[in-house]
Number of protein chains: 2
Amino acid sequence: MSVVTIHDVARQAGVAVATVSRVMNNTGQVRAETRQRVLSAVTTLGYRPNRTARGMARGRLATVAVLVPFVTHPSAFARVQGMVESCRDLGLPVSLFDVELPEHQGEHLRALAGDLRPEGLVVVSLQLTSDERARLDEAGLRPVLVDTEAAGLSTVCIDDEAGGALATNHLLELGHQRVGFIGDLEHDRFGFTASERRHAGYLRALAEAGLPQRAGYQRTGPHGRETAREHARALLALAEPPTAIFAASDTQALGALEAAREQGLTVPDDLSVIGFDDVEIAEHAGLTTIRQPLVDSGRQAARIVEQERADPGRAAERCVLDITLVARQTTAPPHHSAAAGRRRRAARPVGG
Amino acid sequence: MSVVTIHDVARQAGVAVATVSRVMNNTGQVRAETRQRVLSAVTTLGYRPNRTARGMARGRLATVAVLVPFVTHPSAFARVQGMVESCRDLGLPVSLFDVELPEHQGEHLRALAGDLRPEGLVVVSLQLTSDERARLDEAGLRPVLVDTEAAGLSTVCIDDEAGGALATNHLLELGHQRVGFIGDLEHDRFGFTASERRHAGYLRALAEAGLPQRAGYQRTGPHGRETAREHARALLALAEPPTAIFAASDTQALGALEAAREQGLTVPDDLSVIGFDDVEIAEHAGLTTIRQPLVDSGRQAARIVEQERADPGRAAERCVLDITLVARQTTAPPHHSAAAGRRRRAARPVGG
DNA sequence: CTGTTAGCGCGTTCAG
DNA sequence: CTGAACGCGCTAACAG
């Protein structure tokens, strides 16, 4: 009674294992009556096909692999959450392939295209080299991309440039004229590009508003709160400091907030800050930000993986998710020294 | 050149596949010279054993499975991070089995003990039923426990009771006499027990200090910030409210902080709050808390999995990690002025 | 010590 | 439409 295999079902139904296989996989033609016999045998025996063995026979590991850099970053992990959720229904475990160092990417991809050959592969934020793509192709793996793009591959993304413009315009509409930008290094070691695209949106918004790009107002560096804090410090130390900062991620925005507090500046009265992503901590910090549906991006990726599995000939899909401005307590009109009324601090921002 | 199998190596070395297998797995006896021939064939051919096939032959899925409730909780995820990190070196992917509903636990375990049969299994925070344990046993799976215990199984944990006492004593030493407690429901649907143990530590500390348990001072409910906030409100609404609160988790402590702000109380002047875990957000919120090495707990679990894999006869290990008090800005001596008197606005606690 | 023979549980040709 | 046979890549008896 411990493990019922395809043979047990075949015997019980009085057919060959091949027929059971055909019924289970909806492949080939099976007479309706035979199919019924098999199906009832399956239910009376409580047969569950062995995913590992099935994988072996088809040369695939029974999991959906996710290649993701810095999986502990709240934004990355929110995406994973969405996949885990969807894959649970799909009956496939999700395996994590974390990239903390640039070399991890190649190592994992080699293993994935080599002996592991997962049922599905999702690549988050990373840029695949042509060599890696070729290798995956040979292995019959068509990765689904999230937060990155490549010709011929399905992708789940947002319009980052529009998001950058949305954030910047929010500040401009509040009346800010001096808006700084803090983002990632343009050509970082991982090939992330979201920050660049958001930066492009920032530039576009400024240009459309007829505002100049001020010297030293755009700062990029390795991703992280610390770095962002230093950048914000530098920004605030300028002779004519910005009255508002657009940070390409919430993490960086949080760094900017810390810098402001260090300097004894009141947010948002003395300085407005807007972030990007709307990770969980953003709400707690009362951070104004651009929300992108992180969890949903994972769900969509899982959906596409499943659809491509069901229909390998399927054309690549481009799934663009919506973004929205979430106005909280870190943005407000600039504090003009000559301004008439004194603005009093509003009630303490409370999360939740 | 696409895939080099064990047969290629065998041919190249002029031996049988079994011998190659023995060399690769360090099983059985192989003459040193033969071993050398095999090894050199392996390197010249660049052979990498197929983990999926190996799994199939031994009836095991080539991953380390992690059964973890609410994996998106910062504390749970920090543990997963540690495992992912260690398993990368180990050459095994980590698969996530998230438990969001009590029924997920059984479903996953059935699958794990059924067709999936991972190389290793780590169970976080959950209580296994005897039925589940039996099933795992039959499947030859010996789970490694984290943040939970069971006779005969290895576990990675902390001394939660000592932690509860440590937190409480911190408050008592500051001079607080009226200390409230907020924790999880005693018999929640998932069988979590950490909160209970911390509560025991709280009671012990009070007793040792000769302090009474005041009516309505100990509140438990479903885990979550919202619930904790309500409990804190209730605590603060008492005729003689506590001057300090020990929350069994940082999440709950954050809820308590929110309640304090709502009431216009200054933290830590009017109310001290201490949490537990030291998740990332705790630092940002300036929360005093008990730190437990979450990431390291994952690393240790991975280590034990590997050691038990190498030596199945190994005795169960009990790995107790150290905890430390991290004093930040939410605890201070009590404000000994007129109790029901004036309440001032809180100066926002600043992180970093 | 090493080679031969069986499978692991299933998918997938091929006949029939 | 269905069954028998083979193979995925490797491990595990069983001989020798």
Side-chain angles (χ1 to χ4, degrees), chain A residues 2-39 41-42 45-62 91 111 114-119 139-140 309 312, chain B residues 2-39 41-42 45-62 91 111 114-119 139-140 309 312:
Chain A
S2 58
V3 221
V4 26
T5 78
I6 198 172
H7 289 99
D8 303 322
V9 177
R11 199 177 317 117
Q12 166 90 11
V15 299
V17 292
T19 303
V20 179
S21 174
R22 283 190 271 264
V23 171
M24 293 310 288
N25 299 291
N26 269 318
T27 167
Q29 300 296 302
V30 180
R31 189 161 28 128
E33 191 225 327
T34 310
R35 164 184 304 276
Q36 268 319 314
R37 268 219 317 273
V38 170
L39 253 25
V42 164
L45 258 39
Y47 170 65
R48 304 287 306 154
N50 186 317
R51 277 114 96 219
T52 306
R54 183 215 297 267
M56 169 82 268
R58 303 195 328 190
R60 312 223 83 91
L61 218 204
D115 62 335
L116 273 31
R117 295 207 173 186
E119 289 279 348
R309 206 161 64 112
Chain B
S2 57
V3 221
V4 25
T5 78
I6 197 172
H7 289 99
D8 304 321
V9 177
R11 198 176 320 117
Q12 166 89 12
V15 300
V17 292
T19 303
V20 179
S21 174
R22 282 190 272 262
V23 171
M24 295 307 290
N25 299 292
N26 270 316
T27 167
Q29 299 297 301
V30 181
R31 192 166 22 133
E33 191 225 327
T34 310
R35 165 184 303 275
Q36 267 320 315
R37 270 220 316 274
V38 170
L39 253 25
V42 164
L45 258 39
Y47 169 66
R48 305 286 305 153
N50 186 317
R51 275 112 102 217
T52 307
R54 182 214 296 266
M56 170 83 267
R58 303 196 326 190
R60 300 214 143 328
L61 218 201
D115 61 337
L116 275 29
R117 293 206 176 188
E119 288 279 348
R309 206 162 63 113

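Below, chain A is the first sequence line, B the second, and so on; all start at residue 1. Everything numeric in this text was worked out from a predicted model, so none of it was measured.
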Nearest-0.5 Å distance that lies between atom CE in Met56(B) and atom CG in Asn50(A) | 5.5 Å

Taking for each residue the nucleotide of DNA chain D with the nearest heavy atom, is it Val17(A) or Gln29(A) whose nucleotide lies nearer the 5' end?
-> Gln29(A)

Of the candidate nucleotides dT13(C), dG3(C), dC8(D), which contains the atom at the shortest distance from the side chain of Met56(A)?
-> dC8(D)

Nearest-Å distance, CG (Asp115(B)) to P (dG11(C))?
-> 12 Å

About how many Å separate CG of Leu61(A) and CG of Asp115(A), when rounded to the nearest 0.5 Å?
-> 8.0 Å

With nearest nucleotides of DNA chain C determined for Val30(B) and Ala57(B) from heavy-atom distances, which residue corresponds to the more 5′ nucleotide?
-> Val30(B)

Whole-Å distance between dC1(D) P and Asn26(A) CG?
-> 14 Å

Candidates dG9(C), dA4(D), dG9(D) - which lies nearest the side chain of Ala53(B) = dG9(D)

Whichever of Thr34(B) and Pro49(A) has its nearest DNA chain C nucleotide further upstream toward 5' = Thr34(B)

Which nucleotide, dT12(C), dG3(C), dC10(D), lies nearest any side-chain atom of Arg58(A)?
-> dT12(C)

In whole angstroms, how far is the C1' atom of dG11(C) from the CE atom of Met24(A)?
-> 13 Å

Test side chain to side chain contact (heavy atoms under 4.5 Å, CB included) applied to Met24(A) and Tyr47(A), step by step | CA-CA 10 Å; Met24(A) 293 310 288; Tyr47(A) 170 65; 4.0 Å; yes

Nucleotide of dG3(C), dC1(C), dT2(D) approaching Arg22(B) most closely (side-chain heavy atoms) = dG3(C)

So what does Val15(A) touch, heavy atoms closer than 4.0 Å: a base, only the sugar-phosphate, or nothing?
-> sugar-phosphate

What is the distance, rounded to the nearest whole Å, between atom CD of Glu119(B) and atom C1' of dT11(D)?
-> 12 Å

Could you grab the distance from atom OG1 of Thr52(A) to atom CZ of Arg58(B), nearest 0.5 Å is fine?
-> 12.5 Å

Using atom CG of Leu116(A) as one end and atom C1' of dG9(D) as the other, report the distance to the nearest whole Å.
-> 14 Å

Between the main-chain N or O of Val15(B) and the side-chain N or O of Arg37(B), is there a donor-acceptor pair closer than 3.5 Å?
-> no

Any side-chain N or O of Tyr47(A) less than 4.0 Å from the OP1 or OP2 oxygen of dG9(C)?
-> no

Spatial distance of atom OG1 (Thr19(B)) from atom CZ (Arg31(B)) [nearest 0.5 Å] | 10.5 Å

Base, sugar-phosphate alone, or nothing: which one does Thr19(B) contact when heavy atoms must sit under 4.0 Å apart?
-> sugar-phosphate

Rounded to the Å, how far apart are Arg48(B) CZ and dC10(D) C1'?
-> 15 Å

Tell me whether the OP1 or OP2 atom of dG9(C) has a side-chain N or O from Arg54(A) closer than 4.0 Å.
-> no

Phosphate OP1/OP2 of dC10(C) contacted by Ser21(A) side-chain N/O (<4.0 Å) | no

Hey, does Asn25(A) reach any base, or is it just sugar-phosphate, or nothing, if we go heavy atoms under 4.0 Å?
-> sugar-phosphate

Nearest-Å distance for atom pair CD1/P, residues Ile6(A) and dA4(D) = 14 Å

Starting from P on dC10(D), measure out to CZ on Arg117(B) and report it in whole angstrom.
-> 22 Å

